[in-house]
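Start at 1 with the first residue, then count along the sequence.
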Amino acid sequence: MAGIVPPTPAIHRSYRLSTYHVAGLPVIRIGHRPRWLGRAPAGDIVLLSACNPGGRLRPDGWNRRMMAHLACALSGLPHALGKGRLGRWSEPLYGVRVPLARGLGLARRFRQNAVVVVHGNRPTRLVYLA
């Protein structure tokens, strides 16, 4: 698919070392089980962004506009704003309570390389679209 870049070892490492912070969720790390304060929610929670499509850096204003478009696309779906962090880098994202297939469709629409998937007490996983 045009715009989606297969992961390099450096990209994969960056995703795995990042922490993901979403309002109402514990801190998320790929390969780790979430530490829920209460009972784990049922179903998938997909973390996705509209920033820097295809792994190419875009200006802040462009990324803000794309995140606003993503917010409109999430209308009617339970979601919360968050961010992915690695060192001094951070990027906004949304945690969306949606089946994985629909989350992947949204990620494709916004030309993202991957999504992070939280499902109950299972280890958090990274799903590439390429």
Side-chain angles (χ1 to χ4, degrees):
M1 175 171 246
I4 296 175
V5 178
T8 64
I11 289 171
H12 185 69
R13 184 174 185 273
S14 294
Y15 277 118
R16 292 190 66 79
L17 291 176
S18 294
T19 56
Y20 302 91
H21 308 261
V22 177
L25 300 181
V27 174
I28 302 299
R29 294 200 59 184
I30 294 167
H32 296 258
R33 296 177 190 275
R35 294 185 178 181
W36 302 103
L37 294 178
R39 188 173 182 182
D44 295 325
I45 300 171
V46 179
L47 309 186
L48 61 105
S49 179
C51 294
N52 305 314
R56 294 195 169 130
L57 291 176
R58 299 291 176 118
D60 290 341
W62 192 94
N63 284 328
R64 279 193 297 277
R65 286 190 302 279
M66 292 310 294
M67 286 298 288
H69 290 297
L70 176 56
C72 288
L74 299 178
S75 177
L77 295 172
H79 64 279
L81 188 59
K83 64 181 148 186
R85 298 187 68 82
L86 179 60
R88 291 190 292 180
W89 169 88
S90 73
E91 183 173 289
L93 56 79
Y94 284 101
V96 186
R97 195 176 297 259
V98 65
L100 178 57
R102 187 158 179 200
L104 291 174
L106 285 163
R108 282 186 185 93
R109 180 174 165 190
F110 288 92
R111 300 187 332 258
Q112 296 299 296
N113 288 333
V115 297
V116 176
V117 182
V118 180
H119 187 94
N121 290 316
R122 296 180 190 164
T124 299
R125 62 191 175 116
L126 180 64
V127 177
Y128 288 104
L129 280 73

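Considering every non-hydrogen atom in both V115 and A107, the closest pair reads CG1-CB, 3.5 Å. Scanning all heavy atoms of the two residues, the minimum distance from A42 to R97 falls at O-NH1, 3.7 Å. What you find for W89 and S18 is that their closest heavy atoms are CZ3-OG, 4.0 Å. Between Q112 and P53, the shortest heavy-atom contact is NE2-CA, 3.8 Å. For the residue pair L129 and L104, the shortest heavy atom distance occurs at CD2-O, 3.8 Å.
Between N52 and E91, some side-chain heavy-atom pair lies under the 4.5 Å cut-off. Taking 4.5 Å as the limit, some side-chain heavy atom of C51 sits within range of a side-chain heavy atom of M67. Residues H119 and L100 are not in side-chain contact: their nearest non-hydrogen atoms beyond the backbone lie 4.5 Å or more apart.
Within the model, atoms CG of L77 and CG of L106 stand 7.0 Å from one another, a figure rounded to the nearest 0.5 Å. Separation of atoms CG (N113) and CG (L126) is listed at 10.0 Å; rounding is to 0.5 Å. A distance of 8.0 Å separates CG of L47 from OH of Y20, quoted to the nearest 0.5 Å.
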*asked:* R13 vs R16, test: side-chain contact (heavy atoms from CB on, under 4.5 Å). Steps then yes/no.
replied: CA-CA 5 Å; R13 184 174 185 273; R16 292 190 66 79; 5.8 Å; no

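Scanning for side chain to side chain contact (heavy atoms under 4.5 Å, CB included) contacts around A68 gives an empty result, with sequence neighbours left out. Applying the ring pair (Phe, Tyr, Trp, His ring centres under 6.0 Å) rule to H79 yields the partners Y94; only residues at least two apart in sequence or on another chain are considered.
The main-chain N or O of P92 is found under 3.5 Å from a side-chain atom of S49 such that the two form a donor-acceptor pair.
The aromatic rings of Y128 and H12 sit tilted relative to each other, their planes meeting at an angle between 30° and 60°.
I11 and L17 are assigned to two separate hydrophobic clusters, defined by single-linkage of ILVMFWY side chains at heavy-atom distances under 4.5 Å. By the criterion of side-chain heavy atoms lying less than 4.5 angstrom apart, applied directly or through intervening Ile, Leu, Val, Met, Phe, Trp or Tyr residues, F110 is grouped together with L81 in one hydrophobic cluster.
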Donor-acceptor pairs under 3.5 angstrom involving side-chain atoms of residues 26-38: please list them, not counting sequence neighbours.
unit_1, atom_1, unit_2, atom_2, d
R33, NH1, N121, O, 2.8
W36, NE1, G120, O, 3.0

